[in-house]
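All residue numbers in this chain count up from 1 along the given sequence.
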Amino acid sequence: MKADLLIHGGTVIDPSTGISGAFDVAVSGGKITGVFKPGTAIVEAGQTLDASGSYVSSGFIDIHTHIYEGVPAMGVTPDRVGIDQGVTTVVDAGSSGAANFDDFVRRSIEPSKSRVYAWLNISAPGLVEGRSELADLTKLDPKEVLAVIERNRDAIIGIKARMSGSVVKTSGIRPLQIAKDTAREAGLPVMVHIGNAPPQLGDVLDLLEAGDVVTHAFHGKAGGILSPDGGLIPQAVRALERGVLFDVGHGSSSFSFDTMKKAKELGIDPYSISTDLYLENLERGPVYSLALTMTKLLAMGYSLEQVVAWSTVAPAKAIQRENEIGTLREGAEADITVFRLVQEHVSLTDSEGTTVQYDQQLLPQYTLRAGAIHHVQHK
């Protein structure tokens, strides 16, 4: 067997196939060409990557970032939160809208080594003109949104609507109704940001269907998924039963250890782990990276296999790309993350300022994007 690259000596974790243990991974032409037990195949490889002492998974995927530099003091260069941090795929969550998506393609998709997709903001300017983009309903033009989607089916994976009081002002639930109608016509899901009411979370959840994503699902603000008696609000129960996906979306103010702990006790796990990374919480915290966010979920008592699944195959399914990425299946894109669990003390802080002490940290070592190796540098 000939291969361009052989990743040798690592422990493979691939929730998409159920493969777990000591396996080698062969790559040719930017695709996965084999995953097999060491010594069971003779491989002539042009290059060998020694993954001894490390884990090997399909490339990490972050479905909530802000990587459009056209947004002042917010947008981050995609590779800074992508391949530079062990993440092969980054998805922008509504930074751009129909009015500036072409500029997003030029600035963020075309020059990036990371794989870049986008949730298109239902509001034409996205976040470029400020953070109350759904207050003026005249800026929501479904026909133009659909036209932009049709021209960019390879890049746009859904529609974003931020449903919190500071964003919608007096528009209430109407922006989400427009987003849902438009997404349904396009055959795409919506990602909904939830935060402070109005509108009420129950009203938001009642509009969502299977495959729609609720990001910031585990925030610590009033009016979240937990009822005053500590259970799950009825609308959240029904949403989960319908197949609505609850995403972490850490962010500066949208992830609470306490909420996550209570949800875990109720048997409510995240569907996917994402960061809501943008300039401030990348440089000043508390988010910093997807790997650190994954470490926080490990510290909450979730297994490594669960955390890897929520950062690979699950987000790949959420963005309807599971046949291409999020898997080490033969023929898939050779997007791979090689990482270690380093035994060292780390203080982990959520968006509420609560700190948890933990004894290990997940640290990416290499990012492989379509088979090309990128070494991850740690500060």
Novice: Applying ring-ring contact (aromatic ring centres under 6.0 Å, His included), can you list everything that pairs with F218, at least two apart in sequence or on another chain?
Specialist: none

Novice: When you compare the side chain of T293 with that of Y288, does any pair of heavy atoms fall below 4.5 Å?
Specialist: no

Novice: Any salt bridge linking E333 with R115? Criterion: basic side-chain nitrogen under 4.0 Å from a carboxylate oxygen.
Specialist: yes

Novice: In the single-linkage hydrophobic clustering (I, L, V, M, F, W, Y; side-chain heavy atoms under 4.5 Å), do L341 and Y366 co-cluster?
Specialist: no

Novice: Classify the side-chain pair N121/S123 by whether it contains a donor and acceptor separated by less than 3.5 Å.
Specialist: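 No, because no side-chain N or O of N121 sits under 3.5 Å from a partner of the opposite role on S123.
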
Novice: Any donor-acceptor pair under 3.5 Å linking the side-chain atoms of E69 with those of T77?
Specialist: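 The answer is yes; a qualifying pair exists.
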
Novice: Among I63, I319, I159, D212, whose side-chain contact (heavy atoms from CB on, under 4.5 Å) with M191 holds?
Specialist: I63

Novice: Assigning hydrophobic clusters by single linkage (Ile, Leu, Val, Met, Phe, Trp, Tyr; side-chain heavy-atom cutoff under 4.5 Å), is I7 placed with V376?
Specialist: no

Novice: Is there a donor in the side chain of Q357 and an acceptor in the side chain of S347, or the other way round, less than 3.5 Å apart?
Specialist: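 Note: Q357 and S347 side chains meet the donor-acceptor criterion.
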
Novice: Taking atom types as modelled, is there a side-chain donor on T65 or D92 under 3.5 Å from an acceptor on the other?
Specialist: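 Judged by distance alone, the side chains do not pair up.
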
Novice: Taking 4.0 angstrom as the limit, do R184 and D181 come out as a salt bridge?
Specialist: yes

Novice: If you count every heavy atom of other residues, nucleotides or ligands that lies below 6.0 Å from H374 atom NE2, does the total exceed 12?
Specialist: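 Yes.
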
Novice: Would you please say whether a donor-acceptor pair under 3.5 Å links the side chains of H250 and T275?
Specialist: no

Novice: Is the backbone N or O of I61 less than 3.5 Å from a side-chain atom of T89, with the two atoms forming a donor-acceptor pair by type?
Specialist: no

Novice: I'd like to know whether NZ of K37 has more than 12 heavy-atom contacts from other residues, nucleotides or ligands below 6.0 angstrom.
Specialist: yes

Novice: Give a yes or no on whether the backbone of T88 and the side-chain of D335 come within a donor-acceptor separation of less than 3.5 Å.
Specialist: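 Answer holds: no.
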
Novice: Just wondering, more than 12 heavy atoms not from K221 lying within 6.0 Å of its NZ?
Specialist: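 It does: K221 NZ has more than 12 such atoms within range.
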
Novice: Closest heavy-atom contact between H64 and G249?
Specialist: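 Closest approach of H64 to G249, heavy atoms only: ND1-CA, 4.3 Å.
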
Novice: Kindly say whether A135 contributes a backbone atom to a donor-acceptor pair with the side chain of S132 at under 3.5 angstrom?
Specialist: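 A pair under 3.5 Å: no.
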
Novice: In this structure, would V192 and V91 fall into the same cluster of hydrophobic residues linked by side-chain contacts under 4.5 Å?
Specialist: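 Hydrophobic grouping puts V192 apart from V91.
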
Novice: In Å and rounded to the nearest 0.5 Å, what is the CG to OG1 distance from L5 to T48?
Specialist: 7.0 Å

Novice: Is a donor on one side and an acceptor on the other found under 3.5 Å between the side chain of N281 and the backbone of G251?
Specialist: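 Not at all, since once roles are kept as given, no pair shorter than 3.5 Å links the two residues.
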
Novice: Measuring centre to centre across the rings, with the benzene-like ring taken for any Trp, is F246 within less than 6.0 Å of Y271?
Specialist: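 No, the ring of F246 stays outside the 6.0 Å limit from the ring of Y271, centre to centre.
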
Novice: Please check if any side-chain donor atom of D24 sits under 3.5 Å from a side-chain acceptor atom of H8, or the reverse.
Specialist: yes

Novice: Name each donor-acceptor pair under 3.5 Å that joins a side chain in residues 235-245 to protein atoms two or more places apart or in another chain, with its distance.
Specialist:
residue : atom : partner : partner atom : Å
R242    : NE   : L208    : O            : 3.0
R242    : NH2  : L205    : O            : 2.7
R242    : NH2  : L208    : O            : 3.0

Novice: So, are R80 and E283 salt-bridged, with charged N and O less than 4.0 Å apart?
Specialist: yes

Novice: Would you call E133 and R162 a salt bridge, taking side-chain N to carboxylate O under 4.0 Å as the test?
Specialist: yes

Novice: Using the salt bridge (Lys or Arg N to Asp or Glu O under 4.0 Å) rule, take K31 and E330 through it: C-alpha gap first, then chi angles, then the decisive distance, then the call.
Specialist: CA-CA 8 Å; K31 306 285 186 181; E330 186 173 340; over 6 Å; no

Novice: Would you say the side chains of S164 and H193 form a donor-acceptor pair under 3.5 Å?
Specialist: yes

Novice: If you group Ile, Leu, Val, Met, Phe, Trp and Tyr by side-chain heavy-atom gaps below 4.5 Å, do Y117 and L120 land in one group?
Specialist: no

Novice: Could you go through K261 and D258, starting from their C-alpha distance and side-chain angles, then the distance that decides it, and tell me whether this counts as salt bridge (Lys or Arg N to Asp or Glu O under 4.0 Å)?
Specialist: CA-CA 5 Å; K261 178 182 177 182; D258 186 52; over 6 Å; no

Novice: Whether the D14 and S16 side chains hold a donor-acceptor pair (N or O, under 3.5 Å, no angle test) is what I'd like checked.
Specialist: yes

